[in-house]
Protein chains: 2
Amino acid sequence: MICYNIILMSHLSTASQMTSTAKVIKHAKQHCAARGSKLTEKRSQVLKGLLESKKALSAYELIDYCREKFDQQLPAMSVYRILEFLESENLVHRLELAKKYVACSHIACDHTHETPQFLICNSCNTVEEISISNSIIHSLRSTISKAGFHLASPQLEFECYCEACGA
Amino acid sequence: MICYNIILMSHLSTASQMTSTAKVIKHAKQHCAARGSKLTEKRSQVLKGLLESKKALSAYELIDYCREKFDQQLPAMSVYRILEFLESENLVHRLELAKKYVACSHIACDHTHETPQFLICNSCNTVEEISISNSIIHSLRSTISKAGFHLASPQLEFECYCEACGA
DNA sequence: CTGTTTATGATATGTTATAACATTATCCTA
DNA sequence: TAGGATAATGTTATAACATATCATAAACAG
């Protein structure tokens, strides 16, 4: 399965970045339209912020981004609502561990999305969306179930260090 | 390996609870002494709070506990410092996911401690310290390493629901 | 008993997040 | 196209968790 990984692309040149961001935004708009919702200007600005960052961003970092990039003063409350909306549309993932947000890596893909798993760098917040084999997930689930618990969400997050940040 | 699980004991009667807590505190004191540090009165009060709760507690909940139980007004800063100390002595674990703290389940055990893994109930914050098989951990590590990352800590945490809280 | 280290106190502020209520924009329908 | 419904956003206040900084007190070693 080959798909366009936005997170990994974000360090390319500005021109190609914009192009790819624009493409994804277009996809996202269609996606919303198909579901009877709307990707408004502000929602699209917040999503752009996430698309153009290879790191996970906090709501407050997105406020700064919109102020600097679009001269738009978004209140915290609005950004949280917008993130909630984007999440409900599967365009954005919220990382519980980092208390930050990332754009979904598969907005512009056509295939159905699998459950995402995330590796989050403790130091620089770089995020890698990976896929863990069913057998590992299955063993994990069964261990957890033996303790009388079950996973709240199939989305797993792991506190890591990336290659660059090392130990 | 049989060891005394404090978390699971905390719903027993007050009398036996106090006894077991006192025992663990004694162990903890010896442990600190052996390492050249001291389990002061306030540190011991904070640890007691965690020992007597089967849920993970936040720093601010521990402040309340010390005020109610010991008529002790601890400033937030002190509690954070005390928790940091207790963690450095391996008496307490910090749960990144829940932003809360639990007493180590193995303070009074003699065997060496394995890396803890935690199941945290999203709803009631009940925490279960479990042990995940080496083979699962190993596969997980290898998946993560293929992505160019490595786990920040062998301590894993999973957002779950406990039996009582269900869905 | 004095100076150093260790522990704790006090105050301010940072970061993430939500509640409650007000206002504005959009869009449907009569 | 007026007017009302719904959706989107704004405003303000505050909760919960956390750290920085500087001040003070307690413990202990020489």
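Here is the naming used below: chain letters follow the sequence lines, and residue numbers restart at 1 for every chain. Keep in mind that the numbers below use all heavy atoms, side chains included, and drop hydrogens, waters and symmetry copies.
- Distance NZ (B/Lys38) to C1' (C/dA7): 8 Å, rounded to an integer number of Å.
- Contact between A/Gln117 and A/Pro154 at its shortest, heavy atoms only, is NE2-O, 3.2 Å.
- When each of B/Ala76 and B/Glu41 is assigned the nucleotide of DNA chain C with its nearest heavy atom, B/Glu41 is the one assigned upstream, toward the 5' end.
- Contact annotation: the side chain of B/Arg94 never approaches that of B/Leu83 to less than 4.5 Å [non-hydrogen atoms, C-beta and beyond].
- A salt bridge does not link B/Glu61 with B/Lys55: every distance from a Lys NZ or Arg NE/NH1/NH2 to an Asp or Glu carboxylate oxygen is 4.0 Å or more.
- Atom CD in B/Glu84 sits about 15 Å away from atom P in C/dT6, given to the nearest Å.
- Side-chain atoms of A/His31 come within 3.5 Å of backbone N or O of A/Glu89 as a donor-acceptor pair.
- To the nearest angstrom, C1' of C/dA12 lies 12 Å from CE of B/Met77.
- In this structure, OH of B/Tyr80 is placed 17 Å from C1' of C/dG9, rounded to the nearest angstrom.
- Remark: A/Leu156 CG to B/Phe158 CZ distance equals 6.5 Å, nearest 0.5 Å.
- Bracketed by its first and final contacts, the part of DNA chain D lying under 4.0 Å from non-hydrogen atoms of chain A reaches from D/dA8 to D/dT11 in 5' to 3' order.
- A/Tyr161 and B/His150 have tilted rings, their planes meeting at an angle from 30° to 60° on a 0 to 90° scale.
- Heavy atoms of B/Arg81 sit under 4.0 angstrom from at least one base atom.
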